Protein chains: 2
Amino acid sequence: MPADQDPAARTPRATLRDVALRAGVAISTASLVYSGKKPVAPATAEKVREAATELGYHGPDPIASSLRQGRSGVIGAVVPSRLLHAFRDPYAVTMFDGLAETLGDLGTGLLLMPESAPGSEPPPGSNLAVDAVVFLLSSEEAHPLVPELVGRGIPMVGTGSPVDPHIVQVRVDDRRATAALARHVHELGHRHVGHVLMPLQPDQVTRRVTRAEVAEATLPITRERAEGVRDVFGDVPMVSAAEADIEAGRAAADLLLGLDPRPTAILAQSDLLAVGAVRAAEARGLRVPEDVSVSGFDGVELPWLGRRLTTVDQRPAEKGRLVGEALRHLLAGESVEDVELDAPLRLGDTTAAPPRPAPPTPGPPG
Amino acid sequence: MPADQDPAARTPRATLRDVALRAGVAISTASLVYSGKKPVAPATAEKVREAATELGYHGPDPIASSLRQGRSGVIGAVVPSRLLHAFRDPYAVTMFDGLAETLGDLGTGLLLMPESAPGSEPPPGSNLAVDAVVFLLSSEEAHPLVPELVGRGIPMVGTGSPVDPHIVQVRVDDRRATAALARHVHELGHRHVGHVLMPLQPDQVTRRVTRAEVAEATLPITRERAEGVRDVFGDVPMVSAAEADIEAGRAAADLLLGLDPRPTAILAQSDLLAVGAVRAAEARGLRVPEDVSVSGFDGVELPWLGRRLTTVDQRPAEKGRLVGEALRHLLAGESVEDVELDAPLRLGDTTAAPPRPAPPTPGPPG
DNA sequence: TTGTAGGCGTTATCAT
DNA sequence: ATGATAACGCCTACAA
């Protein structure tokens, strides 16, 4: 390795004071040249810029500036520690994209704060300088960071969980939206449906679950979507997927398709799970939608699927943008109400009327 | 909206001084209770914590702490403004995941700094308080932020571009790795191959490109991988995809498969492009690998593909981790050399010997 | 083990 | 339009 670094690194960095001194003006005047908050004579500004260039000064130190102004210009985003998994879902990425769009206009940065093992004290990230925090993908009803942030008076925006009166929520009415979708499937004529749920717990296995278990799910949307299905179909067989991804959706749907009577429709709690359900059906030689209908939830783009899923469009990009808007108002000191996002039903080509039932089993003659 | 916020919000937040005063100790002592850098008598610590609780004090202000210590505990990650597109590629997500892993241990946060329209002055993000910056997905050979950051003495780590002596690079030898892959395809017997390239420019269209155009590609890896192919096959037909995604890969490969003679193998510059190539072949009724061989580059997980791509494994997670390691050393003040990552060839089931050529065209008799 | 004192680099206020 | 001055909240020598 090189004997030593750039010699300039050894020299203490120039500060605004050095620049002002060299330009022959007051520090406060030099500050104005950079902030532009008050007019400065062009000649003066020029002198300051020159001095800055000579000293290798590249503008005010963001940390010092933050301290003085009381804001860091950074929004914290709490994300699952397994970022990889979360971002495999286009829903998550799309929502972040929408958020980043608003934030970009705002000139604020987005700081990823990975959740870590529960119980660590203090919760990681509590020592990071953020002006506000968003919870977009949390699957916990309570979160250790929340009391901490409330205590610090840091505004928070979420999309459902964690649940806390201090968090401004931007959400969809999951139950109602799911019920609308279920009603559509019911009207097509389906009477035997199966429901594929998100994981009830982290690290669980794909398995059938009971209504009682679902009532205790960590993730509120899991419960609410299941209720939406029940509102229309009553109790139906439910399988909770081990992960919110395609493979787990396939496994979960496969379990349902093995039941007797076999469901004629699979309602999945996310588009990715629904894709898995389509795969499971195909693997059994069943055609979608002729033999089995499949529906999802989210409304993400799946260009590689080659078909349009019947789903609820949560408008994830819009959701992200609305979170950004809420942040903007909160940072401006305004108070903000919860937002309910409209989530329209999108009919695709994965749902149709159920196959005609086999003629009332004549049974082998004799 | 509510008439007003939590009344506590109006009260200026308690500081360490208030706490010390209330606990009857010196500010510096109270500070030690939180930093733990020197021992404090248990009784004293208890008094301080009590006072803190009473005052609603939740630990030192991160900004003030940062100013004093000269570090913010935040790493900046420059990302494409179209985050959505970038994160559609599992390569990107996997690499970030690897990075986040190292950073998690380090207790530092990752701040996303979206690149914005070129030419904005000053470059956005230059006012954010970061201790170091990483460029993982940049497609520019030069970047406006680089001189700025060099000026501020902020260490940088990258994976190839932008190119600058101040940036520690963690890279793969793209040319050599691609040549190794090409050699494998050559040894299988292929003599007519087509090459699918990443976009040469942002916002371009999928189209055939010449060697001369490739030599001027923005993205160094595009050039280097093309050279790797040329090292083995000489000049081959090349098509640059409009985007680094499946659909563009399909369109690009379709162009190649329409040539006469039709290539018996398509070498794509990324796994996602290769998936598109597989789709293009299938759409033409060609079997992979019996009729057409396809190879990729990256080595990402594609569980939904249902087959294993022949590819170069860049080990993206490891790459991310190595970037994290480099950061760790830089932040510790050590000097760091560029890292070359080994990228092994992974044989999958998308490559095989070319189909036997049709018997030397007898032509219609007569 | 605890206290004293000074400053990190900036910006806001107020006066000129 | 410019200048002097006082914080912003904390941490670290150093002294006791």
Side-chain angles (χ1 to χ4, degrees), chain A residues 11-49 51-52 55-73 126-131 151-154, chain B residues 11-49 51-52 55-73 126-131 151-154:
Chain A
T11 309
R13 205 142 288 287
T15 78
L16 197 49
R17 177 156 65 177
D18 304 326
V19 174
L21 201 65
R22 171 139 193 164
V25 303
I27 308 182
S28 57
T29 305
S31 175
L32 292 177
V33 172
Y34 288 97
S35 73
K37 300 214 174 169
K38 299 226 167 143
V40 172
T44 316
E46 189 46 38
K47 274 194 304 186
V48 171
R49 285 189 205 293
L55 292 174
Y57 179 81
H58 287 259
D61 176 334
I63 302 183
S65 174
S66 295
L67 175 59
R68 185 59 239 250
Q69 299 186 151
R71 357 164 284 93
S72 64
S126 56
N127 58 336
L128 261 22
V130 293
D131 294 340
R152 287 181 188 271
I154 295 181
Chain B
T11 308
R13 205 142 288 287
T15 78
L16 196 49
R17 183 169 47 189
D18 304 327
V19 174
L21 201 64
R22 172 136 190 167
V25 303
I27 308 183
S28 59
T29 305
S31 175
L32 291 177
V33 172
Y34 289 97
S35 72
K37 300 213 173 169
K38 299 227 167 147
V40 173
T44 316
E46 188 46 39
K47 275 194 302 187
V48 171
R49 286 190 203 291
L55 294 174
Y57 179 81
H58 287 259
D61 177 335
I63 301 183
S65 172
S66 294
L67 176 59
R68 187 56 239 258
Q69 301 185 146
R71 359 165 282 94
S72 64
S126 56
N127 58 337
L128 261 21
V130 294
D131 294 340
R152 287 182 188 270
I154 294 181

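Every heavy atom of this structure was used, including side-chain atoms; hydrogens, water molecules and symmetry mates were not. Fair warning: this is a prediction, and the values are worked out from it, not measured in the lab. Letters go in sequence order (proteins before strands), and every chain restarts at 1.
The line from CZ of Arg152(B) to CG of Asp61(A) is 7.0 Å long, rounded to the nearest 0.5 Å. Of the inter-residue distances, the one linking His58(A) atom NE2 with Ile154(B) atom CD1 reads 10.5 Å to the nearest 0.5 angstrom. Rounded to the nearest 0.5 angstrom, Tyr57(B) OH and Leu16(B) CG are separated by 4.0 Å.
Atom CD1 in Ile27(A) sits about 15 Å away from atom C1' in dT13(C), given to the nearest Å. Counting to the nearest Å, the P atom of dC8(C) and the CZ atom of Arg17(A) are 7 Å from each other. In this entry the distance linking NZ of Lys38(B) with C1' of dC14(D) reads 9 Å, nearest Å. Rounded to an integer number of Å, the gap from Gln69(A) CD to dT13(C) P is 12 Å.
Between dG3(D), dA12(C), dT1(C), one nucleotide has an atom nearer to the side chain of Lys37(A) than all others, and that is dA12(C). Set against dT2(C), dT2(D), dG3(D), the side chain of Val25(A) has dG3(D) as its closest nucleotide. Comparing dA4(D), dT1(C), dA1(D) against the side chain of Pro39(A) picks out dA1(D) as the nearest.
When heavy atoms are screened at a 4.0 angstrom cut-off, Tyr34(A) is found touching no nucleic acid atom at all. Nucleic acid contact for Thr44(B): sugar-phosphate only, since backbone atoms but no base atoms lie under 4.0 Å from a heavy atom of the residue. When heavy atoms are screened at a 4.0 angstrom cut-off, Ser28(B) is found touching base atoms of the nucleic acid. As judged by a 4.0 angstrom heavy-atom cut-off over every strand, Ile63(A) is placed among residues making no nucleic acid contact. Leu67(A) comes within 4.0 angstrom of a base, heavy atoms only.
The side chain to side chain contact (heavy atoms under 4.5 Å, CB included) search around Ala26(B) returns Ser28(B), Thr29(B), not counting sequence neighbours.
Each end of the helix from dT1(C)-dA16(D) to dT16(C)-dA1(D) gets its own rotation axis from five pairs of C1' atoms, and the angle between them is 30° to the nearest 10 degrees.
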